[in-house]
Enquirer: 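Following this message is one structure expressed as structure tokens.
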Amino acid sequence: MKTSGKGMILLIACLAMVNAVNAQGFRVGLKVGYNASTLSGYEELGRRIGGLSDKYTVSYKSGFHVGLAGQYSLNSFFIQPELLYSSMGLQEELGEKKESSSLNYLQLPIYAGYKFHLAQAGPKLILGAGPYMAYGLSATDDVFDITSHNSQHGEDPGVADNMFNRFDAGLSFMGGLEFSSMQITIGYDLGLVDMVGLNGWKTAKDLLGLPSVCNRNLKISAVCFF
């Protein structure tokens with residue numbers, strides 16, 4: 001009876017946990033949104049190693065992201081991993097010439113956050129932050145023409161074959177409103193990996209004392225949960 005009683009208690013506890021998971025729920029949704037991205041330190045790099053004049057400037061480039069978002073909620077806390085295709089890069093201007101340079105990633109951000117109930121039946125204010133990792137799928141840079149090296153050798157242009165680092169990682173932040181099956185947020189990706197490798201993958205910071213070249217991305221997103 002004693003063993004049976006313990007087994008019954010364990011069974012009840014397991015059932016309670018399953019019910020709690022089902023009640024709070026893990027759900028999956030489709031995420032789409034707008035990117036406004038740039039690379040910090042890239043302007044100084046262009047002027048130094050590219051021999052470009054003071055008229056060379058760098059600004060934000062428009063892009064997009066699309067993919068899947070999962071969310072597990074426990075009361076007001078939540079964990080939200082995502083898997084996204086994210087088109088990033090920067091806008092470059094040299095005199096009257098304007099070019100968009102692209103860095104396209106498969107990105108995995110994982111947010112941990114809290115939901116604030118604004119009203120009993122209304123939307124919730126959500127705030128979240130966490131790490132992200134990204135893998136570069138392709139890159140082009142029309143001003144520096146850094147894909148030309150691959151073309152001359154009969155290779156397909158790619159991130160690993162030019163001066164951009166293929167891997168990226170950093171911190172992601174988001175805030176916004178969540179309805180029953182919809183989420184609208186504003187977020188920011190703060191890259192922490194120097195994206196430029198020169199002369200045996202030494203960074204421009206190591207070789208020339210320049211600022212690190214890191215991804216910066218402001219994004220506006222919508223998630224529709226199934």
Enquirer: Rounded to the nearest 0.5 Å, what separates atom CZ in Phe78 from atom NZ in Lys124?
Expert: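 If I round to the nearest 0.5 Å, the distance is 11.5 Å.
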
Enquirer: How many angstroms lie between CG in Asn217 and NZ in Lys61, if you round to the nearest 0.5 Å?
Expert: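 Separation between the atoms: 9.5 Å.
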
Enquirer: Between Leu39 and Asn215, is any pair of side-chain heavy atoms under 4.5 Å apart?
Expert: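 Yes, side chains in contact.
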
Enquirer: Would a hydrophobic clustering, with Ile, Leu, Val, Met, Phe, Trp and Tyr connected at side-chain separations under 4.5 Å, put Phe26 with Ile79?
Expert: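 The answer is no; the residues belong to distinct hydrophobic clusters.
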
Enquirer: Indicate, with yes or no, if Tyr60 and Val213 share a hydrophobic cluster defined by side-chain heavy-atom contacts under 4.5 Å among Ile, Leu, Val, Met, Phe, Trp and Tyr.
Expert: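 Different hydrophobic clusters.
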
Enquirer: When the side chains of residues 218-226 are checked against the rest of the protein, which donor-acceptor pairs come out under 3.5 Å, sequence neighbours left out?
Expert:
residue: Lys219; atom: NZ; partner: Tyr111; partner atom: OH; Å: 3.4
residue: Lys219; atom: NZ; partner: Asp189; partner atom: OD1; Å: 3.0
residue: Lys219; atom: NZ; partner: Asp189; partner atom: OD2; Å: 3.2
residue: Ser221; atom: OG; partner: His65; partner atom: NE2; Å: 2.7

Enquirer: For the atom pair CG (Leu103) and CG (Asn35), what is the distance rounded to the nearest 0.5 Å?
Expert: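 The CG atom of Asn35 is 11.5 Å from CG of Leu103, to the nearest 0.5 Å.
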
Enquirer: Under 30°, 30 to 60°, or over 60°: which ring-plane class applies to Phe64 and Tyr85, parallel, tilted or perpendicular?
Expert: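 Ring orientation, 0 to 90° scale: tilted.
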
Enquirer: What distance do Leu125 atom CG and Glu178 atom CD have between them, rounded to the nearest 0.5 Å?
Expert: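 Rounded to the nearest 0.5 Å, the CG-CD separation comes to 10.5 Å.
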
Enquirer: Give a yes or no answer on whether the side chain of Asn165 reaches the backbone of Phe167 with a donor-acceptor pair at less than 3.5 Å.
Expert: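 Pair found, side chain donor or acceptor close to backbone of Phe167.
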
Enquirer: Check for me, please, whether Leu84 and Leu30 land in the same ILVMFWY cluster - side-chain distances under 4.5 Å, paths through other members count.
Expert: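 No, no single cluster joins them.
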
Enquirer: Step through the shown structure and confirm whether more than 12 heavy atoms of other residues, nucleotides or ligands are within 6.0 Å of OH on Tyr34.
Expert: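 More than 12 heavy atoms, drawn from other residues, nucleotides or ligands, come within 6.0 Å of this atom.
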
Enquirer: Does Met88 share a hydrophobic cluster with Val193, counting links as ILVMFWY side-chain heavy atoms below 4.5 Å and allowing steps through other members?
Expert: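 Yes, one cluster joins them.
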
Enquirer: CE/Met133 to CD/Gln107 distance, rounded to the nearest 0.5 angstrom?
Expert: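 Going from CE on Met133 over to CD on Gln107, the span is 10.5 Å.
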
Enquirer: Could you tell me whether the side chain of Asn104 and the main chain of Leu137 form a donor-acceptor pair under 3.5 Å?
Expert: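 Side chain of Asn104 to backbone of Leu137, a donor-acceptor pair under 3.5 Å: no, none is there.
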
Enquirer: Do the non-hydrogen side-chain atoms of Thr38 and Val58 ever get within less than 4.5 Å of each other?
Expert: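 The answer is yes, as the side chains (C-beta and beyond) meet within the 4.5 Å cut-off.
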
Enquirer: Taking Gly136's backbone N and O only, do any of them form a donor-acceptor pair with Arg166's side chain (distance below 3.5 Å, no angle check)?
Expert: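 Yes, Arg166 side chain to Gly136 backbone: donor-acceptor pair under 3.5 Å.
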
Enquirer: Do Glu82 and Tyr132 make a side-chain contact, defined as non-hydrogen atoms from C-beta onward lying under 4.5 Å apart?
Expert: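 No, every pair of side-chain atoms sits at 4.5 Å or beyond.
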
Enquirer: Which atom pair, heavy atoms only, marks the closest approach of Pro211 to Gly41?
Expert: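 What the structure gives for the nearest pair is CB-CA, 4.3 Å.
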
Enquirer: Between Cys214 and Gly191, which heavy-atom pair has the shortest distance, and what is it?
Expert: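 Nearest heavy atoms, Cys214 then Gly191: CB-O, 3.4 Å.
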
Enquirer: Could you tell me which non-hydrogen atom of Met195 sits nearest to which non-hydrogen atom of Tyr105, and how far apart they are?
Expert: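 What the structure gives for the nearest pair is CE-OH, 3.0 Å.
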
Enquirer: Go through the steps for Tyr114 and Leu127 under the test side-chain contact (heavy atoms from CB on, under 4.5 Å), then give the verdict.
Expert: CA-CA 6 Å; Tyr114 192 85; Leu127 296 175; 5.8 Å; no

Enquirer: Drop me the distance from Ser76's OG to Ile126's CD1, to the nearest 0.5 angstrom.
Expert: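 Result: 12.0 Å between the selected atoms.
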
Enquirer: Which is it for Arg216 and Leu190 under the side-chain contact (heavy atoms from CB on, under 4.5 Å) test, yes or no, and what are the steps along the way?
Expert: CA-CA 5 Å; Arg216 300 286 184 263; Leu190 180 68; 3.3 Å; yes

Enquirer: Should Phe179 and Ile186 be regarded as members of a common hydrophobic cluster, given that ILVMFWY residues are connected when their side-chain heavy atoms come within less than 4.5 Å of each other, either directly or indirectly?
Expert: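 No, Phe179 and Ile186 fall in different hydrophobic clusters.
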
Enquirer: Would you please say whether a donor-acceptor pair under 3.5 Å links the side chains of Glu93 and Gln91?
Expert: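 Looking only at side-chain atoms, Gln91 and Glu93 do not form any donor-acceptor pair under 3.5 Å.
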
